[in-house]
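The structure under discussion appears below in the form of structure tokens.
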There are 2 protein chains.
Amino acid sequence: MFDIFNEIRDAYQRIHAQIRKTPLDYSIGLSRLLGCQVYLKCENLQYTGAFKARGAINKLLSLTDQQREQGVVAASSGNHGAAVAFGLKKLNIRGIIFVPENAASTKVDNIRNYDVPLEFYGTDTMHTELYARDYANQHHMIYISPYNDPQVIGGQGTIGLEISQQLDRVDAVFVPIGGGGLISGIAGHLKTASPQTNIIGCLPANSPVMAESIKSGHIINMETKPTLSDATAGGISPNAITFEICQKLVDDYVLVTEDEIKQAIITLIKNQHLLIEGAAGVALASLIKHAESWRDKNVVVVLSGANISLETLKNCIIPDPGY
Amino acid sequence: MFDIFNEIRDAYQRIHAQIRKTPLDYSIGLSRLLGCQVYLKCENLQYTGAFKARGAINKLLSLTDQQREQGVVAASSGNHGAAVAFGLKKLNIRGIIFVPENAASTKVDNIRNYDVPLEFYGTDTMHTELYARDYANQHHMIYISPYNDPQVIGGQGTIGLEISQQLDRVDAVFVPIGGGGLISGIAGHLKTASPQTNIIGCLPANSPVMAESIKSGHIINMETKPTLSDATAGGISPNAITFEICQKLVDDYVLVTEDEIKQAIITLIKNQHLLIEGAAGVALASLIKHAESWRDKNVVVVLSGANISLETLKNCIIPDPGY
């Protein structure tokens, strides 16, 4: 395991002028509702609308001059793609983003905003990713993984560092898990800076790949179902460094249903008037489900992103006519 | 006219540690859509979910020790009530908030969050306000107007001061107008610090009291219709100091329909994944309506608040079945 704690410290030096130090907001409404002291780490207000900007910027700022010259490749239909594009534009680095042909047009527009070359390939993320890796190899460019990379994890970990600065005692942090980059970074800081803090991994029951992998003792391949938490959906690379980090540093896992995610999104609209995407809803839903265990404690929910489409929002707030 | 510019400078010293310096976010999506450089002043992210926290805190911090002892009275069913309650709790001052009996329960809950005494009186804001003023007189307490008060205006004006710090050249600022406290403050700073900046007052066509009053040369009483912009709806006190300030400092007025407000709220969800209340929608709708006039210019839209109810949000994003 690489030295995550120091990578995060270095990452913070590199990126703090480029990213937003997001608020850690105490929520009176949620605290009353849930019987614990609820703090929201608002990465939904991060540039690009999600925490991924931190990891991408840290990776890009860690490149050697020669690597910068070579240029950068990423594959993503979502927040990682926008984050890398945002970084490329900001730092004036050459690169290309590959996107699955069937990616949602709102997400594609979000990447296009940054004026970075974008190409469509394949109809599922795995194919697009393999193609992008191959393209990077053939063109001697640098491929940036969305989570399987020490500097990407280090960038995400600056969220943990900020939480330490913003709140003295943190009893638990609820973090959504997909590939595990976000929770690896946050745990990588907090388990050193504040070992008593419980790190809770939050997953949609429809795509609980990391939780099932940890249970099995190795990264597994499994069928997953569609989920509102598109940002955490899908498989994990067989060589992912996040697996070992989660094994060592994550204290517990919570799985939530699609209906619980919906209810969490609605609860946040009603109490905070903030929009969050499904993955952030997973983290809040997990706290809501286990609030009893944290009575009167200081708990942080990482609102990982805001990028929910209008259609998905409609589906969340309009009762299903079949109910 | 009191010395607004200096009141705002003093207000900033008083309140900057108590309120949030909100982001002035460049919106790539809106800029492309509208053909001008669009910056969003995010008072929707202010404590209490609206700019009113600034004026209330400035007023409370301006009280003499004796006045603090006397305690404070406010009347409001909305953002002003929550702002005063927030300030009372934060500064540990005694006070009471009067609320109309028919106020929406979500708004009442928002005030109750701050553990300040709350009493119901009357069934329209005007009655509640008269009763509250009378109560303050009888009990030798300090009544805090939502807009007709130099310190309240000074507090709101710190938004203008922050905009000056955050953006070098501001060609126009779009600001919602109800009683006129917000625009008086913002114009009170900017018309001195940056006289070339155009100050555009934005009103719902269903309740355009200040715009009609300016046209008439005096504050008028008029019938108003219900509007999504509940925070700017209703009449203006006959002695409002904001009238003269608007007369002198506001360059233009824009009126928008209810459908234009809805569309603005949807546009912001799609482009920025932010929730705004109707009054903020009025400001964005006004820019959308007049974007042609500001081609390639730097324009700021003041997103005055986020406090939209789930019901109102549903009504905005679900197409009317009659369409």
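No experiment lies behind these values; they were computed from the predicted model shown. Excluded from the calculations below are hydrogen atoms, water molecules and symmetry mates; all remaining heavy atoms, backbone and side chain alike, are included. To find a chain, count down the sequence lines: A is the first, B the second, and so on, and within it residues start at 1.
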If you count the non-hydrogen atoms of other residues, nucleotides and ligands that lie under 6.0 Å from NZ in B:Lys297, is the total more than 12?
-> no
Closest-packed option against chain B by number of heavy-atom pairs under 4.5 Å, given A:Lys314, A:Gln272, A:Glu277 | A:Lys314
Which portion of A:Lys270 sits near chain B, non-hydrogen atoms under 4.5 angstrom = side chain
Of all of A:Leu313, A:Asn307, A:Ile308, which one pairs up most often with chain B through heavy atoms under 4.5 Å apart?
-> A:Asn307
Judged by atom type as modelled, is there a donor-acceptor pair below 3.5 Å linking the side chain of A:Gln46 to the main-chain atoms of A:Phe51?
-> no
How are the rings of B:Tyr114 and B:Phe86 set to each other: parallel, tilted or perpendicular (split at 30° and 60°)?
-> perpendicular
Interface check, chain B: of A:Thr106, A:Asn113, A:Asn110, A:Asp109, most non-hydrogen pairs under 4.5 Å belong to A:Asn113
Do any N or O atoms from the side chain of B:Lys21 and from the backbone of B:His16 form a donor-acceptor pair under 3.5 angstrom?
-> no
Interface moiety of B:Leu45 toward chain A, non-hydrogen atoms closer than 4.5 Å | side chain
Plane angle bin for B:Trp294 and B:Phe174 - parallel if under 30°, tilted between 30 and 60°, otherwise perpendicular = perpendicular
Select one option (side chain, backbone, both, neither) describing which atoms of B:Arg112 are under 4.5 Å from chain A's heavy atoms.
-> backbone
Could you tell me whether A:Arg20 and B:Asp25 have a side-chain N and a carboxylate O separated by less than 4.0 Å?
-> yes
Let me know if A:Ile266 has heavy atoms under 4.5 Å from chain B in its side chain, its backbone, both or neither.
-> side chain
